[in-house]
Amino acid sequence: MLIENYFTFTKNWTDHSLTALLGHSYQKFTLQGRNWSINKFPISPIEPANNPGLGQDLTLQNNRPGGYAIINELQSFFSRVNYAYKDRYLFTATVRADGSSKFGANNKYGVFPSFSGGWRLSEEGFLKSGPFSDLKLRAGWGQTGNQEIPSKITQALFTSNVSASTSYPLDASTNYPAGTTYTRLANPDIQWEVSTQTDLGLDFGLFRGALTGSVDYFRKVSGKILLEVIPSDPIQPAATYWTNVPNMSITNQGLELDLNYRYTANSGFRFDIGGNITFIKNVVNNSPYTVITSGSASGPGLTSATVNGYVNGQPIGTFFLREYQGVDDKGVNRFSDIDGDGIGGTDKDRIAAGSALPTRQFNLNFSTAYKGFDLTANFNGVSGNKLYDNTANAFFYKARLVKGLNGPVEAVGESNESINNPAPVSTRFLTDGAFFRLNNLSLGYNLSPRTIGMNRWISNIRLSVTGQNLFVITKYKGYDPEVNIDRTVNGISSYGIDYLSYPKARSFVFGLNLTF
Amino acid sequence: MKKIFLSTLAILSLLFLDSCTNLVEQVLDESSVTGQTDKQLADGNIAPVYARLVDIFNHTNYFTIQEISTDEAILPYRGGTDWGDNGIYTAMHQHTHTSTDPNLRSTWLLLTQEVSRAVSAMSALPTVNDPNAKTYLAEARGMRAYYNMVLLDLFGVVFVKEDPQGISQVLRGEPAYEYVKNEFLAVEPNLLTTVGPGRLTKGAVWGLLARLYLNAAVYRDRYAASFSFKSEDMDKVVEYTDKIIASGQYQLSNDYFSIFNSDNHDNKELIFAVDQRAELNGHNRLAYFSLSGDQFPLPAFPAANGTDGPAITPDFYRSWTSAYAPLDPAGTDPRFFKQNWTIPADSCISDANFNFNRGILRGQQYGLLRVNGAFVRCGSNYKVGKLFSVTRNRPTLAVDFSEQVDFSVAGSNYNTGYRVLKYEFSKKSQSGRNLGDADISIVRLADVYLMRAEAKLRKSNDVASALADVNLVRASRKSSTPAPALTAMNLDLLLRERGFELYWEMVRRTDMIRFGKYEGSWTEKTNTDKFKRVFPIPQTAIDGASNLPGYLKQNESY
């Protein structure tokens with residue numbers, strides 16, 4: 001449900017225009033879900049979903065119905081002023097107070113101001129005769145809030161029930177007591193995560209718009225980061241709690257370049273070429289923790305190992321791992337001894353081995369047309385990132401191969417590896433995640449119905465062939481480097497972990513379009 | 001202009017009235033408990049303090065940690081399908097486990113959760129007006145000491161916490177040992193003697209104190225080249241074991257395996273145990289863990305099988321054969337094996353006559369034959385015969401347990417290693433995993449006698465008294481021919497005797513460390529690193545505490 005009330009005031013003079021807005025908005029999200037189950041369907045041609053009653057086994061132990069219902073409310077008071085002078089100088093200021101029911105009574109509201117300005121240089125007299133068909137300088141500064149945490153974090157929950165993990169026989173009776181336990185710790189002081197962003201940008205058009213582009217610089221610093229962490233004192237009723245991590249900040253800054261060129265010849269031949277590239281630098285500062293885990297390994301025996309997380313001085317999604325150094329003379333894993341205590345592969349020997357976050361992302365597109373033919377191509381890619389191949393970690397190692405299970409050739413990469421050497425989480429399964437992909441290539445021909453004498457019934461005929469995902473250049477050995485299987489730990493999103501993902505399809509589409 | 005502005009504002013505020021909210025979070029799907037009676041409050045606070053014991057004493061938790069790390073048990077990566085788990089069970093056996101071992105972590109989480117529940121109960125119980133509240137308070141405090149004692153033994157740390165809102169003090173070494181001891185001593189007077197083995201009683205605390213004093217030298221100086229057992233500690237072991245024996249409350253069981261039967265709650269040998277009830281909390285994991293996936297002990301349930309988990313090591317087996325050569329240990333020592341059924345001439349057996357053999361299972365196994373998910377019947381009876389690895393898709397591989405078991409490809413096959421069925425396979429367990437009924441022993445009377453024998457040997461090499469205690473335990477298993485009396489006694493023989501009496505009862509690692517044997521070598525184990533006497537604190541806990549520099553240090557070498 002969304003209710004918005006606002007009031008706008010507009011006034012235009014010859015050279016000035018002013019718009020002011022005052023408003024209030026209210027949003028209410030209601031989420032609910034229920035689940036039921038039944039077991040033991042007889043083998044029959046009837047789809048179980050069409051008749052769940054066919055199930056033969058239903059017990060409270062195996063089929064306890066579940067459900068949840070959550071209400072989250074957001075309320076904002078906002079104001080905005082837009083001012084323009086001669087359409088040349090533009091200025092906007094906003095202030096909003098956002099409130100969320102997810103936060104504590106003392107911290108429901110966050111106040112987030114922002115300012116931005118624009119200067120259309122191309123409208124200035126001294127540039128009007130120059131090569132620029134468009135030139136605009138933009139600058140902005142603003143704050144925003146993040147409330148992406150689960151509901152009910154500010155409220156403790158202690159429940160009383162008879163279950164294997166809460167009850168215990170106190171005497172011979174089979175009337176077991178309901179055990180009272182905390183299921184969630186309250187954090188009544190939890191509050192908005194705040195991001196402060198500064199932007200600087202330049203849009204330009206040259207040669208009557210044939211060459212257009214933009215340059216953008218952005219810098220976003222987030223503080224009061226909302227994360228679910230493990231308590232320092234292990235003696236706690238609950239294993240984790242949500243908090244605004246004290247002092248920690250995450251800075252995300254970068255430069256984005258965008259350039260497009262368009263050429264049209266009198267002969268009808270035209271082509272467009274364009275591309276953009278973004279350089280990103282992300283860094284976590286002042287985290288009080290060695291690592292706040294964001295991604296954990298999956299697979300038998302691997303579930304307690306951190307794969308990546310938040311590490312000081314490193315980007316988010318940093319792989320924090322033992323450094324694999326091959327196998328020793330007994331054929332057993334060797335790991336670097338970073339802290340110099342003489343033992344490799346201890347807790348203190350984990351290194352920041354790169355991040356799942358690319359440092360560069362790029363996109364290239366090209367299209368051309370001549371007479372009835374047209375050709376378009378689109379490439380994309382990233383570089384500077386790493387990927388953790390959890391699939392290989394869990395399933396492609398020598399000890400499995402020896403027992404007669406299939407695996408790829410890397411499983412025997414170390415010829416003197418012991419047949420019982422385990423494959424713990426380490427940089428052994430970390431690979432370069434850079435790739436360059438031809439996303440889409442499409443060739444079409446528009447045939448004039450007139451030339452084949454069918455113009456009485458058909459207005460247009462188009463023949464086309466499109467290929468998708470035609471090639472990927474990458475060092476990654478898994479199915480596809482563009483992967484992010486969510487291996488979330490607690491409530492923190494994971495990045496760059498591949499576990500049992502499906503490959504991306506390569507497809508060819510042949511088309512014949514007739515327009516009547 | 002101004003008028004319009006104001007009137008619009010007025011209209012606007014009317015609209016606000018309609019939708020404005022104070023953003024108080026509504027909770028629809030849960031509620032914290034209120035309005036309980038004093039009895040509900042008292043019971044509801046103490047029950048959770050015991051509740052996770054069943055999970056701690058699970059096959060992959062305390063059992064794996066205390067047994068697979070020793071010469072009593074080995075768990076290879078069976079046939080490429082079972083118990084591979086990326087090498088965590090082979091690492092546990094070879095002492096190459098790491099701080100990311102999931103079994104260590106889950107055991108740690110359960111123990112720390114229970115300490116926390118005890119702290120919560122201790123803050124709630126003093127204000128509860130119920131006649132049991134005072135006893136429960138002592139039990140909660142005593143259980144806090146017990147969980148801390150296990151944390152000390154496994155991870156080398158204890159957590160001292162009084163205020164649920166506060167932060168625990170972390171202790172190690174001598175202060176940790178002193179803390180646990182003083183806590184036990186403080187609660188002992190307020191405990192009962194009449195509530196059975198499932199709760200912390202005076203007898204239970206005496207037994208735990210005896211165990212604590214016996215291991216005091218280890219806890220004081222964990223990595224010592226040899227432990228110095230103090231006379232006064234050994235005197236305390238004797239004092240508390242004497243108290244238990246003199247109380248007359250406990251009695252050695254005539255039938256050894258009935259200590260581990262489903263109905264063992266009233267077996268007078270049990271002093272402290274995990275009270276399992278099939279309807280509430282019981283698991284059958286200790287029975288199912290070692291059996292073959294093609295052994296089906298229950299005619300009523302054709303899905304209840306084993307899992308080809310751990311076997312005993314050949315070394316442990318040879319400790320029996322060398323003790324009794326030329327006799328076979330089966331038939332010589334009733335603790336080794338108990339025959340509960342024989343194959344009838346017509347290979348058909350009734351449900352009532354089919355009871356699995358107990359103890360150490362060797363060679364070809366026989367049992368119910370299962371075809372397409374159902375047992376082969378002969379009328380109302382069940383067909384029995386030679387078992388093959390049908391559920392493993394290896395129908396020609398006999399379920400023929402071999403002495404040799406190791407981590408080679410051949411040694412990791414489904415049939416390798418002699419298996420153990422010590423706890424009765426619960427007759428209620430439809431899946432073979434759930435619905436266990438047997439209480440799981442934590443302290444029992446035979447252990448108490450053996451602790452007294454050890455203390456006397458360690459203190460003054462009192463061989464005569466030690467022999468008397470050991471032979472008293474041996475002679476007590478009178479329902480069949482008891483094991484012959486020993487004529488010599490020393491520490492090595494005593495450790496061997498503890499193995500015979502207490503094998504697979506989750507005391508072996510502690511025993512081997514105390515007897516200085518944990519750095520020895522046995523099948524697939526050559527590691528001699530003394531730092532492995534303590535397990536690593538899970539990496540997640542170390543990372544979680546990293547915001548308080550120096551607060552929770554990782555154990556050496558991890």
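Reminder, nothing fancy here: chain letters follow the sequence lines and each chain counts from 1.
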Heavy-atom side-chain contact between Arg350(A) and Gln539(B) under 4.5 Å: yes
Toward chain A: residues of residues 108-117 of chain B with heavy atoms under 4.5 Å: Trp108(B), Thr112(B), Gln113(B), Val115(B), Ser116(B), Arg117(B)
Which portion of Pro169(A) sits near chain B, non-hydrogen atoms under 4.5 angstrom: both
Residue part contacting chain B, namely of Tyr176(A), when any heavy atom lies under 4.5 Å: side chain
Max heavy-atom pair count under 4.5 Å with chain B, selected residue of Ser232(A), Ser163(A), Ala105(A): Ser232(A)
Interface residue of largest heavy-atom contact number with chain B, from Gly345(A), Ala172(A), Ala156(A), under 4.5 Å: Ala172(A)
Contact check, side chains of Leu280(B) and Val162(A), non-hydrogen atoms, under 4.5 Å: yes
Region of Leu74(A) that comes under 4.5 Å of a non-hydrogen atom in chain B: backbone
Pro177(A) and Gln40(B), any side-chain heavy atoms less than 4.5 Å apart: no
Value rounded to 0.5 Å, distance of CD1 in Ile537(B) from CG in Asp347(A): 9.5 Å
Residue part contacting chain A, namely of Tyr136(B), when any heavy atom lies under 4.5 Å: side chain
Ile167(B) versus chain A, the contacting section by heavy-atom distance below 4.5 Å: both
Side chain proximity check, Asn86(B) to Tyr397(A), heavy atoms < 4.5 angstrom: yes
Part of Asp101(B) within contact of chain A (heavy atom distance under 4.5 Å): backbone
Test item: Gln236(A) and Lys161(B) side chains (from C-beta on) under 4.5 Å apart, heavy atoms: yes
Worked check of side-chain contact (heavy atoms from CB on, under 4.5 Å) between Arg105(B) and Thr303(A): CA-CA 10 Å; Arg105(B) 178 163 175 259; Thr303(A) 47; over 6 Å; no
Residue part contacting chain B, namely of Gln32(A), when any heavy atom lies under 4.5 Å: neither
Shortest non-hydrogen contact from Gly80(B) toward Lys403(A): CA-CB, 3.2 Å
Test log, rule side chain to side chain donor-acceptor pair (under 3.5 Å), inputs Gln554(B) and Thr346(A): CA-CA 9 Å; Gln554(B) 182 55 282; Thr346(A) 66; over 6 Å; no
Working for side-chain contact (heavy atoms from CB on, under 4.5 Å), residues Ile46(B) and Leu170(A): CA-CA 9 Å; Ile46(B) 193 63; Leu170(A) 298 174; 3.7 Å; yes
Under 3.5 Å side-chain donor-acceptor pair for Glu279(B) and Thr174(A): no
Residue part contacting chain A, namely of Glu556(B), when any heavy atom lies under 4.5 Å: neither
Flag side-chain contact, heavy atom, 4.5 Å: Thr100(B) against Arg322(A): yes
Close contacts, residues 546-553 of chain B versus chain A, judged by heavy atoms under 4.5 Å: Ser546(B), Asn547(B), Leu548(B), Tyr551(B), Leu552(B)
Thr183(A), part contacting chain B, at a heavy-atom distance under 4.5 Å: neither
Top contributor to chain B interface from Met1(A), Lys102(A), Arg184(A) [non-hydrogen pairs under 4.5 Å]: Arg184(A)
Check: Arg199(B) main-chain N/O paired with Tyr168(A) side-chain donor or acceptor under 3.5 Å: no
Winner by heavy-atom pair count (cut-off under 4.5 Å) against chain B, out of Val425(A), Ile343(A), Asn420(A): Asn420(A)
Side chain, backbone, both or neither of Ser412(B) within contact of chain A (heavy atoms, under 4.5 Å): side chain
Ser287(A) versus chain B, the contacting section by heavy-atom distance below 4.5 Å: neither
Neighbour count above 12 (heavy atom, 6.0 Å) for Asp57(A) CG: yes
Residue pair Asp543(B) / Thr306(A), side-chain heavy-atom distance below 4.5 Å: yes
Any pair counted as salt bridge (charged side-chain N to carboxylate O under 4.0 Å, His left out), so long as it reaches residues 80-89 of chain B, sequence neighbours left out: Asp82(B)-Arg392(B)
Residue pair Phe103(A) / Leu23(B), side-chain heavy-atom distance below 4.5 Å: no
Reported CD1-to-OH distance for the pair Ile419(A) and Tyr77(B), which is rounded to 0.5 angstrom: 11.5 Å
Proximity breakdown for Phe395(A) and chain B, heavy-atom pairs closer than 4.5 Å: neither
All ring pair (Phe, Tyr, Trp, His ring centres under 6.0 Å) counterparts of Phe396(A), not counting sequence neighbours: none
